[in-house]
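In what follows, chains carry the letters A, B, and so on, assigned in the order in which the sequence lines appear, proteins first and then strands, with residues in each chain numbered from 1.
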Amino acid sequence: MKCVKIQRLLSEYLDGELCREDRRAVEQHLASCDRCERRLEELRRTVEAVADLPPETAPDGFCNDVLGRIGSGGPAQQKVSYLERWQKPMMVAAMFLVVAGVIALLPSETAHYARRGDHRNERESYRREEGPISKKARSAEAKSEETTEERTGAESLQRESMAEQSRDEEGDRGGGVGDRAAETMKSSAAAMEASDLDSARAGAEIPPDELPRQRITVEAEKPFERAVELLAFLEGEDLRRASLSVKNSESVLVDLVIEGESHFRFMERLVADYGGYEKLDNRRFGGHEQYLQAFEDKAEGKELTEPEADPPPAVHLEIQINPINR
Amino acid sequence: MTDSCDTDGKLIGRAVAGDQEAFGELVRRNKDYVYNAAVHLLGPTPEAEDVAQEVFVKACRGIDGFRGECSFSTWLYGIMLNCVRSRWRKQGRRPDVLSLEANGDEEDDGFSPEPEDTDADGPEERLLREERRDLVRRAILRLPTQFREIVILRDLQDLSYRELSAALDIPLGTVKSRLARARDALREELVPVFMDLS
């Protein structure tokens, strides 16, 4: 193995986490490479230096302060009711349903296209459709496939500020930690390192239509609840845009623009939830082949490894959720 | 009545049922390492203590959602990371907490002083070691936040790879690659320190 590859394994080697084969390869290399041997020693000293830091202990009165903040009621009284927790999402849901109902009553082109779109998507479980990545390609597709226009009506329902609202609610969200198994250990962070920030800024300058676009069609027993769940999952993530549109009162289109690593985490969740992921067409995804390869690996049951290449600065996702029992 | 021998599981069950004393015992058992991680993530600021307290307040409110899929402490780390990241976001997405530099007081970096009675070395060695630790803390606080999180949880708090995966909510493969990059970034920061102090 080359030095670069060996050096990538040194951290795991130090922790004794390498498989026998890799460990042997590293040891063989180290025996003949002073540079990697020195790197290992520096890494070892680094790890030891952190471990050597004396532990900070909580100040006196910490427990009392915590219990004081919790209040005299104790845990049972601190619980936020299920209804309270879902009040805001359900209000948003109700709002969408009302608008969807109005649209359904209109004999408009929008409804017409929506019906045709639904017909096309019938029984297409876990199907994924690739979208074009450039305006030019998109325009060509629009001409050849009218049904892509179903988005037109849906877009009128977009709620651009959902991500901001989610962030504002972050402080009140503690009671939601662990509400559902899927959220138990959810990392809602947008903690981004400097390079990620630069990437995100770069992404922010690209109009959504020109971002790598990905379209996924899935089925759920209750599409709307599923969509709300997906949006709740993204609470606090790096959403530039999030909208939820109801189409002919049944299918739901979730339209998202996600920045930075959030995209990676979100896709992991989708893969985990739906258990399948059709092969991706890298050519149409803006040249992030290595990034997408990781998802393909996951779909094939391989361990998901974060690709070394930088992720796309932002990704435009359209997730259509059809009812499962149509 | 809370028995100090009660397992976390028993205490959690009682806390879910509304037993404040049981939850208090859980706080006592876990407060130091939560506080330790918060201080190293945010720097030795009042905010770190506030976050550590907030972790337990949120844990109390959401304890009925703890499914036991990971240890209670790992679950707390997950909550703590959410709290810390929320603070970082409020700091304008550039959470380069350099409170040590901001402190400006070379004598008092805000961290607890080393206990003298446990030190078998002389004052000069002790001073050298404390200087080195100070440089290490500063280097950690200069790391990008994702790197800071994983280095602290792994090398300071001693979480296993699986626990890291649960607390950070990332796959095992990502744990490995991110930890490798984080340690390498810290190594680059610390090599000059090692050179100077060797």
Check for a donor-acceptor pair, side chain of B:Arg183 on one end and backbone N or O of A:Ser11 on the other, with a separation under 3.5 Å.
-> yes

If you count heavy-atom pairs under 4.5 Å between each of B:Leu156, B:Val55, B:Leu190, B:Ile152 and chain A, which one has the most?
-> B:Leu156

If you measure from CZ on B:Phe56 to CZ on A:Arg69, what distance do you get to the nearest 0.5 Å?
-> 11.5 Å

NZ/NE/NH1/NH2 to OD/OE distance under 4.0 Å, B:Lys31 and A:Asp65 = no

Lys/Arg-Asp/Glu bridge criterion (N-O < 4.0 Å) met for B:Asp184, A:Arg8 | no

Given that the side chain runs from C-beta out, which part of B:Ile140 has a heavy atom under 4.5 Å from chain A: side chain, backbone, both or neither?
-> side chain

Is B:Asp32 reaching over with its side chain to a backbone N or O of A:Ala58, donor-acceptor style, under 3.5 angstrom?
-> yes

So which part of B:Asn30 gets closer than 4.5 Å to some heavy atom of chain A, the side chain, the backbone, both or neither?
-> neither

Distance, nearest 0.5 Å, that separates CG of A:Leu67 from CD of B:Gln53 = 10.0 Å

Electrostatic pair B:Arg132:A:Asp52 at N-O distance under 4.0 angstrom = no

Here the gap from B:Glu188 atom CD to A:Glu42 atom CD, rounded to the nearest 0.5 Å, amounts to 9.5 Å

Distance in Å, B:Asp155 CG paired with A:Leu53 CG, rounded so as to fall on 0.5 Å steps | 10.0 Å

Interatomic distance, CD@A:Glu17 vs NZ@B:Lys176, rounded to 0.5 Å, equals 6.5 Å

